[in-house]
Amino acid sequence: PTLQAQDVGWSGAIEASANVLFGAARGRLVALKAGTQRADSTLEVQGDLLLSYADARTEDEEREVTARALRVSLGADHRPFERLSPFWFGSAESSLQQRIDRRYSTGAGAKLTFYREGEDDVSASLALLWEHTRALDPDPPTPLSESHARWSLRLRARRQVAGATRLEHVAFYQPTVDRFARYTAESTTSLAVTINTRIAVTGTLRDRYDSEARSRGARSNHDGQLLFGARASF
């Protein structure tokens, strides 16, 4: 059935997280995530910002920046509470650890919701996107910049485990149209325990994979983070 106005109005959240290594390895990682959205039965618009920074002490006690990344994204879903809904999205990002000076992408597709009960849902989406990447100080023969058409498959599940505990998992797989072995992937699992109506403590495990990262000079194709923090909603 078609839903009438639901969750009308603007909402948002800011989340600050961190992790620390000590002993044989000494490092620190901090991340800031902010987002806002507006949803009704016709249109849902959402914007997100993700910023992360990490450094570590070297043998001579100097600090070395090991990771620095920024990603801004914007998306719009038409009739978001229907079983099948079309959407558009776009993003811009940079990543020191994956040697990305800048990457832009935009695309459109459709989302299929398999299950929805209250605030719980399970959905899958498929989109076609265009992506342009400029490498950070590339070494030959890596191109300075290149563009690709990619498929984007997303799986998402959200569940209120208990009265105050919420679990969410999102996974992306984005191969190029002409070569499926050339792909990016991302998996994010987050757990939030509500303290009051606006504050929650959070834990997040995030792993991003780019099959071309090492060819751009990165130490690994993986970029993983384990973070603990707090989120304020408004």
How long is the span from the [atom1] atom in [X] to the [atom2] atom in [Y], to the nearest 0.5 Å?
X    : Y    : atom1 : atom2 : answer
D77  : L43  : CG    : CG    : 8.0 Å
S105 : H148 : OG    : NE2   : 12.5 Å
R63  : R57  : CZ    : CZ    : 4.5 Å
I100 : E212 : CD1   : CD    : 11.0 Å
I14  : L49  : CD1   : CG    : 10.0 Å
R134 : R102 : CZ    : CZ    : 5.0 Å

Do [X] and [Y] have side chains that approach each other closer than 4.5 Å (heavy atoms only, starting at C-beta)?
X    : Y    : value
E44  : Q37  : yes
L153 : F172 : no
Y183 : Y209 : yes
R83  : L112 : yes
L136 : R216 : no
H78  : S85  : no
R159 : T165 : no
T184 : R150 : yes

Verdict with reasoning, E15 to T204, per side-chain contact (heavy atoms from CB on, under 4.5 Å): CA-CA 11 Å; E15 181 177 341; T204 304; 3.8 Å; yes
Provide the closest heavy-atom pair for [X] versus [Y] in the form atom of the first, atom of the second, distance.
X    : Y    : answer
T189 : H169 : OG1-ND1, 2.7 Å
F228 : N19  : CE1-ND2, 4.5 Å
A181 : S211 : O-OG, 3.8 Å
Y53  : D55  : OH-OD2, 3.2 Å
F89  : A127 : CE2-CB, 3.8 Å
R214 : N221 : N-OD1, 2.9 Å

Trace of the side-chain contact (heavy atoms from CB on, under 4.5 Å) decision for L96 with T66: CA-CA 8 Å; L96 173 66; T66 56; over 6 Å; no
Flag if over 12 foreign heavy atoms under 6.0 Å of NZ, K111: yes
Could you check whether any side-chain N or O of [X] sits under 3.5 Å from a backbone N or O of [Y], counting only pairs where one atom can act as donor and the other as acceptor?
X    : Y    : result
R116 : F81  : yes
T202 : L191 : no
D223 : R208 : no

Worked verdict on V45 versus L74 for side-chain contact (heavy atoms from CB on, under 4.5 Å): CA-CA 8 Å; V45 180; L74 179 66; 4.2 Å; yes
Option passing side chain to side chain donor-acceptor pair (under 3.5 Å) with D210 (candidates R103, Q98, Q174, R99): R103
Joint cluster assignment, V177 & F180, ILVMFWY side-chain distance < 4.5 Å: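 Yes, because V177 and F180 connect within a single hydrophobic cluster, where side-chain heavy atoms sit under 4.5 Å apart.
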Cluster check L167, Y115: I/L/V/M/F/W/Y, side chain < 4.5 angstrom: no
Worked check of side-chain contact (heavy atoms from CB on, under 4.5 Å) between S123 and R154: CA-CA 8 Å; S123 65; R154 187 196 73 175; 3.7 Å; yes
Test applied, side-chain contact (heavy atoms from CB on, under 4.5 Å); reference residue, S17; option that passes from L29, L226, L227, L32: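 Between S17 and the candidates, side-chain contact (heavy atoms from CB on, under 4.5 Å) is satisfied uniquely by L227.
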Results of side chain to side chain contact (heavy atoms under 4.5 Å, CB included) for E168 - residues two or more places apart only: R156, R158, V170, S190
